[in-house]
Amino acid sequence: MMVSVAILTMSGATLWLTRAQSSEGLNLWGGGLLVYALALPVLTLRPMIPVNFSIIVGNSLFSLSIGLMLWGYYRFLERRPNLWLTLGPVFLTAICMWLFLDRLGMRVMLNGLIAGTQTLVLAAIMYRHRQLTPGHGYQLLLCGCLMSTLICYARFLAVFSGAVSSPTSDGAQLLQTVSFIGALSAAMLDAVGFIGMIKERADARNRTLAMFDELTGIANRRAIRDEFARRSSEARRHRRSLSVLMIDIDHFKEVNDTYGHPAGDRVLKTVAHLIGSRLRAQDALGRYGGEEFLVVLPNTPQEAGALLAEDLCQCIAATPIDLGDGISIHISASIGVAGVPLNDTKHSEDIIRASDDALYRAKKLGRNRVEEGIL
Ligand SMILES: Nc1nc2c(ncn2[C@@H]2O[C@H](COP(=O)(O)OP(=O)(O)OP(=O)(O)O)[C@@H](O)[C@H]2O)c(=O)[nH]1
């Protein structure tokens, strides 16, 4: 009874959390715990409730609780649940219990086998999707599921091997105690693990939102500045060259004014893609401002950076941009290049400023061109 109250409290707490945030399967998981908490009194209060009802409904509820947890896990993954796997064992349990109403040993074995396989399947599905849920929450959940599997299979083996022959024997009492304590511990691990998984995923999403520009999918201003600071201090430490390109789309306001803001957004996405497709794996690209991009080129002297800038300039000018509705336009960009040669100890901000000055000159000199900065 105490185990039931403890699990009921956990399920209440879990369901309460779903009121505060989008559930992501937590409501089903909490529902599973609630059904589990109900199954225990139905199974244990046998003298007070009809025996057949207790056996069939209690064991089926137990199986349903695992099915609901599996369903909750599918919901967390944003996948359609496999109904055979989630609800099939519940019917199987009900039928087996009904068939063996007067054979306790058989019921314990079948119940252990079905429930153990259910939790094992849940653990296997979680393991298969482990790339989607890396983190400590997943590990706790997996431990909880495997612990439940062990307990269920241990019950099966204890009866199958003849180690527990009568329900009143010391072995049976020990098995029952271990089962309840183990089940409570597993339920706790499962609940904490599932909530942990939801939190870890939310944290990862927030980190991504904080680093990436929503429109273009490339690094945002803060992230590219951090990347630049890291790469430039690395270049200084190892006495390597480094260049940056400050790229600004020409007359972008006209694009917005003529074709509308969504068309302007499309141009920004296309240009980001064009630039990104011509960079090496070690280079970094970020959206520095509205229609301004910053490219960081490690191990690249200014002359090589200027060559790449020329190539980008020509590529942007030559590529028609499809705005939909049969409209396609050509745009151009101006680029300021600045680089530090080997052994130079210039401050990072000086490099950015030099590329900005060079970009300003490129604009002044007629746009659609590359200018090199002087440090
Ligand atoms: N569509 C769209 N427009 C943006 C976004 N961010 C900034 N802009 C627009 O970018 C335009 C920048 O205009 P300006 O700074 O005058 O630059 P420009 O028209 O490109 O002129 P030059 O740089 O001198 O060639 C403004 O109209 C902003 O509203 C965005 O995310 N989407």
Side-chain angles (χ1 to χ4, degrees), residues 205-229 243-279 283-297 302 305-339 349-375:
R205 279 182 181 158
N206 287 340
R207 269 197 304 277
T208 307
L209 281 178
M211 283 178 64
F212 290 96
D213 173 49
E214 209 182 343
L215 176 69
T216 56
I218 61 175
N220 62 18
R221 183 184 173 99
R222 181 169 10 134
I224 190 66
R225 281 193 72 95
D226 287 352
E227 189 66 19
F228 167 69
S243 294
V244 299
L245 314 183
M246 192 67 83
I247 305 174
D248 188 287
I249 302 174
D250 298 327
H251 301 302
F252 186 61
K253 189 172 178 309
E254 273 178 36
V255 177
N256 274 335
D257 292 348
T258 313
Y259 302 101
H261 220 262
D265 286 353
R266 208 156 184 159
V267 170
L268 287 170
K269 281 198 248 183
T270 310
V271 171
H273 178 74
L274 277 178
I275 301 171
S277 65
R278 290 180 118 74
L279 301 182
D283 302 333
L285 164 67
R287 188 166 171 205
Y288 200 68
E291 35 33 304
E292 206 170 22
F293 300 90
L294 179 68
V295 176
V296 182
L297 305 166
Q302 184 163 317
L307 282 178
L308 173 67
E310 289 288 357
D311 176 49
L312 285 173
C313 211
Q314 284 167 19
C315 168
I316 292 170
T319 307
I321 299 179
D322 178 18
L323 300 183
D325 295 333
I327 302 170
S328 167
I329 60 167
H330 277 89
I331 52 131
S332 66
S334 303
I335 306 181
V337 187
E349 283 308 313
D350 294 334
I351 310 170
I352 296 277
R353 201 171 306 122
S355 68
D356 227 0
D357 291 346
L359 171 63
Y360 182 73
R361 260 200 326 281
K363 291 273 181 189
K364 277 255 173 218
L365 291 171
R367 297 178 173 82
N368 189 22
R369 58 186 290 141
V370 175
E371 282 296 311
E372 292 191 44
I374 303 148
L375 272 162

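We count ligands from 1, going down the list as the structure has it; atoms in each ligand are counted the same way. Computed from heavy atoms alone, side chains included, the values below leave out hydrogens, waters and symmetry copies.
- Of all the heavy atoms of Lys364, none lies under 4.0 Å from any atom of ligand 1, so neither backbone nor side chain is involved.
- Of the polar atoms of Ile249, at least one N or O is found under 3.5 Å from an N or O of ligand 1, judged by distance alone.
- Here is the list of ligand 1 atoms found below 4.0 Å of a heavy atom in Arg367: 22 (P), 24 (O), 25 (O).
- Listed by number with element, the atoms of ligand 1 under 4.0 Å from a non-hydrogen atom of Asp248 are 23 (O).
- A salt bridge links Arg353 and Asp350; the closest N-O separation between the charged side-chain nitrogens and carboxylate oxygens is under 4.0 Å.
- Here the heavy atom of the protein found nearest to atom 7 (C) of ligand 1 is Gly290 CA, 3.6 Å.
- Taking only nitrogen or oxygen atoms, main chain and side chain alike, Glu254 does not reach within less than 3.5 Å of ligand 1.
- Using a 4.0 angstrom heavy-atom cutoff, Lys269 does not count as in contact with ligand 1.
- Residue-level proximity to ligand 1 for Glu291 is carried by the side chain, the only part with a heavy atom below 4.0 angstrom.
- A 6.0 Å sphere centred on CZ of Arg221 holds more than 12 heavy atoms belonging to other residues, nucleotides or ligands.
- Counting only heavy atoms from C-beta outward, the side chains of Ile331 and Ile329 approach each other to under 4.5 Å.
- For atom 19 (O) of ligand 1, the closest non-hydrogen atom on the protein side is Lys253 N, 2.8 Å.
- Minimum interatomic distance between Ile249 and Lys363 (heavy atoms only, all atoms of both residues): O-NZ, 3.3 Å.
- At a heavy-atom distance under 4.0 Å, atoms from both the backbone and the side chain of Asp265 approach ligand 1.
- Heavy-atom proximity to Gly264, at under 4.0 Å, picks out these atoms of ligand 1: 1 (N).
- Taking the side chain as every heavy atom from C-beta outward, Leu245 and Ser355 never approach each other to under 4.5 Å.
- Atom 3 (N) of ligand 1 has as its closest protein heavy atom Asn256 ND2, 2.8 Å.
- Between Phe252 and ligand 1, at least one pair of N/O atoms sits closer than 3.5 Å.
- Remark: ligand 1 atoms within the under-4.0 Å shell around heavy atoms of Arg287 are 5 (C), 6 (N), 30 (C), 31 (O).
- Taking a cutoff of 4.0 Å between a charged side-chain nitrogen and a carboxylate oxygen, Arg225 and Glu349 qualify as a salt bridge.
- A donor atom on one side chain and an acceptor atom on the other are found under 3.5 Å apart for Ser334 and Asp250.
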Should Ile352 and Met246 be marked as a side-chain contact (heavy atoms from CB on, under 4.5 Å) after you check the CA-CA gap, both sets of side-chain angles, and the distance that decides it?
CA-CA 8 Å; Ile352 296 277; Met246 192 67 83; 4.1 Å; yes
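- Backbone and side-chain nitrogen or oxygen atoms of Asp250 are examined, and none is located within less than 3.5 angstrom of a nitrogen or oxygen of ligand 1.
- Under a cut-off of 6.0 angstrom, the local environment of OH in Tyr360 is sparse, with at most 12 non-hydrogen atoms contributed by other residues, nucleotides or ligands.
- Atom CG of Asn206 is surrounded by more than 12 heavy atoms from other residues, nucleotides or ligands within 6.0 Å.
- Among all protein heavy atoms, the one lying closest to atom 22 (P) of ligand 1 is Lys363 NZ, 3.5 Å.
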